[in-house]
Amino acid sequence: MAAVIDGKAISAKVKSEVRQETEALKAKGISIGLAVVIVGDNPASRVYVNNKKKACAEVGFESFEYALPEETTQEELLALVDKLNKDDTVNGILVQLPLPKQIDEKAVINAILPEKDVDAFHPVNVGKIMIGDFAFLPCTPAGVMELIASTGVEISGKECVVIGRSNIVGKPMGMLLLHKNGTVTICHSKTKNLAEVCRRADILVAAVGRANFVTPDMVKEGAVVIDVGMNRLENGKLCGDVDYAACFEKAGYITPVPGGVGPMTIAMLMKNTLTSAKIKNGIAL
Ligand code: NAP
């Protein structure tokens with residue numbers, strides 16, 4: 001029977017550490033600001049942006065919200081990014097994805113100064129992750145690393161399988177596990193014998209985007225099972241990529257959805273924004 005990894009509690013601890021450091025910086029006259037840009041009125045994006053603003057208030061950051069209309073042009077958005085790049089009160093810039101179709105996401109990500117790119121999506125930050133010389137880690141994989149660390153299970157030398165190879169989750173996830181000396185396999189829709197590959201995993205991370213995709217026949221007895229998936233069912237309920245109830249008996253550790261990876265992503269965003277402010281002010285990390 002699995003031990004449940006409590007993402008809510010672990011994220012609260014991360015945020016409380018960020019809050020303490022933020023208060024100490026405030027006492028030295030340094031305040032921290034995160035700019036959150038949302039274009040259009042995607043309801044899921046709205047929820048994410050509200051949660052990020054709430055987290056900023058919790059840790060003592062200033063948050064600056066820019067809600068732009070659906071018909072915003074690429075030039076208008078790039079002009080805002082340029083303004084935020086130059087604004088000293090802004091330590092982190094987050095442009096909520098997806099963007100409306102008239103805007104090239106890549107052009108916008110590339111326009112954010114790497115030192116304010118707290119999502120770590122800019123090619124410079126992606127490259128730094130590759131060579132292991134990073135200041136920011138993409139928030140979701142970084143959060144997963146904290147969850148794995150909380151179990152006390154050593155990554156070094158272990159078989160780690162990641163299902164999914166997206167730029168924001170799967171690929172950086174694989175790199176972070178590799179930096180910790182895991183033996184990493186990244187699976188995708190063309191992977192043959194997926195269940196067999198997954199069954200090798202001491203640490204299994206699912207980032208597929210398909211409800212209940214991971215079934216017990218894919219899980220090794222006692223494995224750490226991390227569910228990144230956030231899938232909305234027809235009844236409106238949130239559901240992970242792992243069939244939680246079915247895999248619970250077999251896994252050694254498992255994350256629930258909600259209350260697993262989701263809260264960690266936002267906590268790591270706060271940590272990245274604090275890191276940006278520390279670097280700017282020459283404070284040791
Ligand atoms: P994505 O860009 O759609 O990538 C999904 C990946 O899954 C792709 O690499 C795809 O393979 C692979 N895949 C799809 N069907 C498969 C199959 N049958 N067998 C094996 N692999 C398969 O998704 P994402 O952005 O990485 O997100 C994944 C999930 O995590 C989603 O549910 C998303 O909502 C969630 N998410 C959660 C958070 C959080 O904070 N908790 C953050 C980000 C994302 P191909 O590359 O071959 O197509």
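Counting from 1, the numbers follow the sequence of the chain as shown. All figures in this text were calculated on a predicted structure; none of them were measured in a lab. Counting starts at 1 for both ligands and their atoms, following the listed order.
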Heavy-atom distances under 4.0 Å are what count here, so tell me which part of [X] touches ligand 1: side chain, backbone, both or neither.
{"X": "T140", "value": "side chain"}
{"X": "M264", "value": "neither"}
{"X": "V169", "value": "side chain"}

For [X], counting its heavy atoms only, list the atoms of ligand 1 lying under 4.0 Å from any of them.
{"X": "V261", "answer": "41 (N)"}
{"X": "G262", "answer": "41 (N)"}
{"X": "T265", "answer": "39 (C), 40 (O)"}
{"X": "G164", "answer": "6 (C), 7 (O), 9 (O)"}
{"X": "G209", "answer": "28 (C), 29 (C), 31 (C), 32 (O)"}
{"X": "F213", "answer": "17 (C), 18 (N), 19 (N)"}
{"X": "N231", "answer": "32 (O)"}

Rounded to the nearest 0.5 Å, what separates atom NZ in K15 from atom OG1 in T22? 12.5 Å

Out of curiosity, L233 CG to C239 SG, how far, rounded to the nearest 0.5 Å? 4.5 Å

For [atom], which protein heavy atom lies nearest, and how many Å away is it?
{"atom": "atom 36 (N) of ligand 1", "value": "V228 O, 3.6 Å"}
{"atom": "atom 20 (C) of ligand 1", "value": "H188 O, 3.1 Å"}
{"atom": "atom 10 (C) of ligand 1", "value": "S189 N, 4.3 Å"}
{"atom": "atom 26 (O) of ligand 1", "value": "S166 OG, 2.5 Å"}
{"atom": "atom 46 (O) of ligand 1", "value": "R165 NE, 2.8 Å"}
{"atom": "atom 15 (N) of ligand 1", "value": "R210 NE, 3.3 Å"}
{"atom": "atom 3 (O) of ligand 1", "value": "V208 O, 4.4 Å"}
{"atom": "atom 32 (O) of ligand 1", "value": "M230 N, 3.0 Å"}

Take atom NZ of K237 as the centre, draw a 6.0 Å sphere, and report whether it contains more than 12 heavy atoms from other residues, nucleotides or ligands. no

Decide, yes or no, whether a salt bridge links [X] with [Y] under the criterion of side-chain N to carboxylate O below 4.0 Å.
{"X": "R19", "Y": "E23", "result": "yes"}
{"X": "D82", "Y": "K86", "result": "yes"}
{"X": "E154", "Y": "K180", "result": "no"}

Taking the six-membered ring where the residue is Trp, are the ring centres of H179 and F134 under 6.0 Å apart? yes

Has the side chain of K26 got a donor or acceptor atom that lies under 3.5 Å from a matching backbone atom of G60? yes

L80 side chain reached by Y66 side chain, heavy atoms, under 4.5 Å: yes

Verify salt bridge (charged side-chain N to carboxylate O under 4.0 Å, His left out) between E221 and K250, making sure each step is shown before the conclusion. CA-CA 5 Å; E221 193 80 43; K250 214 160 172 199; 5.4 Å; no

Can you list the steps and then say if D241 with N212 is a side chain to side chain donor-acceptor pair (under 3.5 Å)? CA-CA 5 Å; D241 287 346; N212 297 324; over 6 Å; no

Using non-hydrogen atoms of the residue, decide whether A207 is closer than 4.0 angstrom to ligand 1. yes

Can N42 and R46 be counted as having a side-chain donor-acceptor contact under 3.5 angstrom? no

